[in-house]
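As structure tokens, the structure follows; a few thoughts come after it.
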Protein chains: 2
Amino acid sequence: MLYTARSMRPELTDRIRHLLPAHSDRPEVNLLYRMMRDYPERGGKGIRSELLLLSAQAHGVQVGTPAWESALWLATTLELFQNWVLIHDDIADDSEERRGQPALHRTYGVPLALNAGDALHAYMWAALLQAGVPDAAPEILTMIHRTAEGQHVDLAWVEHREWNLQPSDYLEMVRLKTAYYTVVIPLRLGAVVAGRVPDARFEEAGVALGAAFQIRDDVLNLTGDAQSYGKEIAGDLLEGKRTLMVLDWLTCAAAEQREVFLHEMNRPRSEKRPDVIRQLLAWLLESGSVTRAQRTADELATRGLTLLTEALSGLPDPLAAGTIVTVAQGLANRHA
Amino acid sequence: MLYTARSMRPELTDRIRHLLPAHSDRPEVNLLYRMMRDYPERGGKGIRSELLLLSAQAHGVQVGTPAWESALWLATTLELFQNWVLIHDDIADDSEERRGQPALHRTYGVPLALNAGDALHAYMWAALLQAGVPDAAPEILTMIHRTAEGQHVDLAWVEHREWNLQPSDYLEMVRLKTAYYTVVIPLRLGAVVAGRVPDARFEEAGVALGAAFQIRDDVLNLTGDAQSYGKEIAGDLLEGKRTLMVLDWLTCAAAEQREVFLHEMNRPRSEKRPDVIRQLLAWLLESGSVTRAQRTADELATRGLTLLTEALSGLPDPLAAGTIVTVAQGLANRHA
């Protein structure tokens, strides 16, 4: 049964397809329905749903039982969460691309995309209701609350041109914005759907692994391959994101480089100049900041994996538990 | 007990205040918390929660019982729905004002306001969970689905510069965008919280009353008093809204007036010229379209009130049922 979680991906896509409305007699509404299906149909790595399904198995949920059916609906809930959040994130950051195609608001405009995200948010709750696991609702609420808080911190720094930040600020932001929805809550939901109390160590383990995951993601944003990454390269610089590399580089950059950087960051995204962005990227890469960020990610990954292994020991299905560690290792050390 | 529903307003505001988080150790997050409380603390008419609480009483829920407590949480849910939707609507329409103060995104920027709306959306579900009425969740889902569909239709007309529309298109849009969340679902939830099956006629009655309410609202937008209305007057013209008056006027306007109108409507909001908007407003008022729209609202109000009275007959609390009709009459015939 080791392959189950990953092989469930088409099953989850099918559930989303059946849950979302397909046809309206009002032609305009059909466009809304198409927009709601757009991001889910672009695919995605499905890391969160995979972790949840593996965690459910590790905690003793057997494939084919009603609890497994509930776990599949909870996994669908996480997929829908990811998709509505991405629609709204792309608006907030004015991102160009998502999963290799134009961001939704770039095709349909901000008002329609904003509304489609809200509609998808409601269907996320519909999926949760299908799961029929009352104790899952507080977990989902915690997940959205923390993610929205992290998103707020990230966006507030951009909005208020705040660059007086330490690496610890970045790690706190990422804890809220990424770790809960990527690792902590998927692991906890697996326990909840099995009728067990989640191990308290999932939180600390998930925070470390989530941070490692986000640092790798930020590195890929600067150095990755656009095609496999699915977004424009160095988009974070265009969006003025406070990444660990940038905060680290600012602490040791020469005064004139720092000045060029801050001047460019204070320009609106549409007025940022590609040649300056390329220069900034070159300085960042030369400075060793990327290497140091990778080292921080290594340390976080090691700590997270140790805690995770401890938290998972003694669970009913050690094979599934071992696979969780493998998957977590992959996401905390991803290179694409 | 007739005054209970309206006098419950401070109680609902208190529930929102206690449900929403107050303090974070992260200073940035405190700004998010303040933003979430902003619209709820500006007040509002509380029409939806009043209808819900009256409907609960009419269906036999006694004040002070656990069912009444549930009804209060459902009313809080409707208030939170209204508030997050308004934050996002104001972004989509780029509105200037809300309840007499600047729209949230005008003060904090679109990214932070968009995210605050999402955070408030999640707390709406937290309020629903507090109610502990499983059958209420499908009603809330229907409410959001229909409202988002109506919002999409409204925004798609603006986005796609669609003016080839009939009054029936307007009525269909308003049915989706306004009627469900303003009348149909509040009435139905009152039955649900009493453990009864909602009368099927609430739907048709609510659709007629909701449409009448929205037509009056659109008229007030053109002719009202800015202070009591709480938004800029003729904002709908600046936002290019397809109101019943405008669609009616377009069918009979002189060719050159029509041309001036369509030309102005195709300009972005920020480039619309106040003097031209004033001229358009004058033409609209002179044309008799406002009077005809009021007549349509009169007819809808009469039909809705007749259906509503029938649907409410024979309920356990005739006094509360009678008050619903009075409140519905007020909202379908509002002049401020």
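Only heavy atoms go into these numbers, but all of them, side chains included; no hydrogens, no water, no symmetry mates. Every chain is numbered from 1 and lettered A, B, ... according to where its sequence line falls, protein lines coming before strand lines.
- Surrounding CD of B:E204 are at most 12 heavy atoms belonging to other residues, nucleotides or ligands under 6.0 Å away.
- The aromatic rings of A:Y181 and A:F81 sit perpendicular to each other, their planes meeting at more than 60°, with 30° as the lower class boundary.
- Heavy-atom distances place no part of B:D89 under 4.5 Å from chain A, backbone and side chain included.
- With a 4.5 angstrom heavy-atom cutoff, B:L32 touches chain A via backbone and side-chain atoms both.
- Using a distance-only test at 3.5 Å, with no hydrogens or angles considered, a donor-acceptor pair links the side chain of B:N221 to the main chain of B:G235.
- Taking the charged nitrogens against the carboxylate oxygens, A:D218 and A:R242 have no contact shorter than 4.0 Å, which rules out a salt bridge.
- The closest donor-acceptor contact from the side chain of B:R37 to the backbone of B:P21 lies under 3.5 Å.
- Taking the six-membered ring for Trp and thresholds of 30 and 60 degrees, B:H88 and A:H88 have ring planes more than 60 degrees apart, a perpendicular arrangement.
- Here the side chain of B:R98 pairs no donor or acceptor atom with the backbone of B:D90 at under 3.5 angstrom.
- Of the listed residues (B:D94, B:I87, B:L112, B:L114), just one forms a side chain to side chain contact (heavy atoms under 4.5 Å, CB included) with B:H105, and that residue is B:D94.
- With a 4.5 angstrom heavy-atom cutoff, B:M173 does not touch chain A via any of its atoms.
- Interface check for chain A: of the options B:T147, B:L31, B:L176, the most heavy-atom pairs under 4.5 Å are formed by B:L31.
- A:D93 has no carboxylate O lying under 4.0 Å from a charged side-chain N of A:R269, or vice versa, which leaves the two without a salt bridge.
- By number of non-hydrogen pairs under 4.5 angstrom with chain A, the leading residue of B:I144, B:D118, B:L141 is B:D118.
- Per-residue heavy-atom pair counts under 4.5 Å with chain B were compared for A:A116, A:P27, A:P111, A:G109, and the maximum is reached by A:P111.
- Comparing A:A92, A:S24, A:P134 by how many heavy-atom pairs each has under 4.5 Å with chain B, the most go to A:A92.
- Proximity to chain A among residues 151-162 of chain B is limited to B:Q151, B:H152, B:V153, B:L155, B:A156, B:W157, B:E159, B:H160, judged by heavy-atom separations below 4.5 angstrom.
- With a 4.5 angstrom heavy-atom cutoff, B:Y33 touches chain A only via side-chain atoms.
- Not one N or O on the side chain of B:D38 forms a donor-acceptor pair closer than 3.5 Å with the backbone of B:R34.
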